[in-house]
2 protein chains.
Amino acid sequence: MTAHRRAVLALIEEEPGRHWSAEEVAEALRARGVRIGVATVYRALAALEAEGRIASVQWHGRRRYESAAKAHHDHLVCIRCGRVEEFCDPAIEEKQEAAAYARGFRLLGHQLVLFGLCADCQEGDGV
Amino acid sequence: MTAHRRAVLALIEEEPGRHWSAEEVAEALRARGVRIGVATVYRALAALEAEGRIASVQWHGRRRYESAAKAHHDHLVCIRCGRVEEFCDPAIEEKQEAAAYARGFRLLGHQLVLFGLCADCQEGDGV
DNA sequence: CTATCTGCAAACGTTTTGCATAACA
DNA sequence: TGTTATGCAAAACGTTTGCAGATAG
């Protein structure tokens, strides 16, 4: 593993609650004086994900990366302010497995993102 | 509603099991002699979705549209052959609502797609 | 007649790729 | 040394937009 990839991984692991886009990773590293191009960031992210060190989710047309050190979870996104909460419901996971199994599929992964309005954003909303 | 939009809607309603990308809609209509540009297709799809006539899901970086006439359901996609199965588990829906509520969110929507290998594609796979 | 829709082509934002150079092991 | 990673810039990809002309109601 090269210095660049180590830097990308270290950055992502530094803020466990954050969901980084590739562009944000590049900017954050440059702000610390690392000279890195977007292509390298994308390649590093792909490699780290293949190694299972980071995980990715996609929403609003952009892929976001986070450390894979944390336990598996899904996401709840506020469509107004962009706030992201994580949640994990074993019953949902189990039912997904069952749904796949019932149709003869071997389940390999899933994407589950809930969209809504967070408590703060509901306020000014007439709700 | 114009002839073009009617044609887009009719096409999508014609094959209830199919999940159309914008490009596929354009091609299918052109194959039937309808002269239509992609921009018009995208605009028609957006309008039809806003009216609640069609629904969309996104996976593999592409948005796909289907008739909204069917009941709500989620998707199970074979990552090898692209086959799509639909499923609906009321328990999952309920747990999603609960997860959002527990965090103060008002749930407005969700994206749930399961990825795996269908029965046929598991065969040649050493499984 | 006015509002809306259309085609085209250009622009957009994100991601990938080609290639020559640089760093790794 | 040979293999792999990097920077840059260009291309690819799906999607959106500006605009002048066409169509709907």
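Each chain gets a letter, A, B and so on, in the order the sequences are listed, and its residues count up from 1. What's counted below: heavy atoms across the whole structure, side chains too, no hydrogens, waters or symmetry copies.
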Quick one: do [X] and [Y] make a salt bridge, cutoff under 4.0 Å?
X	Y	result
B:Glu86	B:Lys70	yes
B:Arg32	B:Glu14	yes
B:Glu85	B:Arg83	yes

*Return the 5'-most residue of the pair A:Ala3, B:Gly61 with respect to DNA chain D, ranking by each residue's nearest nucleotide.*
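This one resolves to A:Ala3.
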*Hey, which sits more toward the 5' end of DNA chain D by its nearest nucleotide, B:Thr2 or B:Glu23?*
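Its nearest nucleotide lies further toward 5', so the answer is B:Glu23.
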Within this structure, what is the [atom1]-to-[atom2] distance between [X] and [N], rounded to whole angstrom?
X	N	atom1	atom2	answer
A:Tyr42	C:dT17	OH	C1'	13 Å
A:Trp59	C:dT14	CH2	P	15 Å
B:His4	C:dC8	NE2	P	10 Å
B:Leu48	C:dC5	CG	P	11 Å

*Options C:dT14, C:dC19, C:dG7, nucleotide nearest the side-chain atoms of A:Arg43*: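 Nearest to the side-chain atoms of A:Arg43, counting from C-beta on, is C:dC19.
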*Among C:dT15, C:dC8, C:dT17, find the nucleotide with the atom closest to the side chain of B:Ala39.*
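Side chain of B:Ala39 sits closest to C:dC8.
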*Could you list where the contact with chain B starts and ends along DNA chain D, reading 5' to 3', using a 4.0 Å heavy-atom cut-off?*
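Span of nucleotides near chain B: D:dG14 to D:dG25.
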*Find the distance between CZ (B:Phe115) and CZ (A:Phe105) and round it off to the nearest 0.5 Å.*
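Those atoms lie 11.5 Å apart.
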If you compare every side-chain N and O of [X] against the phosphate oxygens of [N] (OP1, OP2), does one of them come in below 4.0 Å?
X	N	result
B:Arg35	C:dC8	yes
A:His60	C:dT14	no
B:Thr40	C:dC5	no

*Heavy atoms from other residues, nucleotides or ligands near CD of B:Glu51 exceed 12 (cutoff 6.0 Å)*: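 For B:Glu51, atom CD is crowded (more than 12 foreign heavy atoms under 6.0 Å).
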*Does B:Arg63 CZ have over 12 foreign heavy atoms under 6.0 Å away?*
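More than 12 heavy atoms, drawn from other residues, nucleotides or ligands, come within 6.0 Å of this atom.
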*Is the centre of the B:His75 ring less than 6.0 Å from the centre of the A:His110 ring?*
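No: the rings miss the under 6.0 Å criterion.
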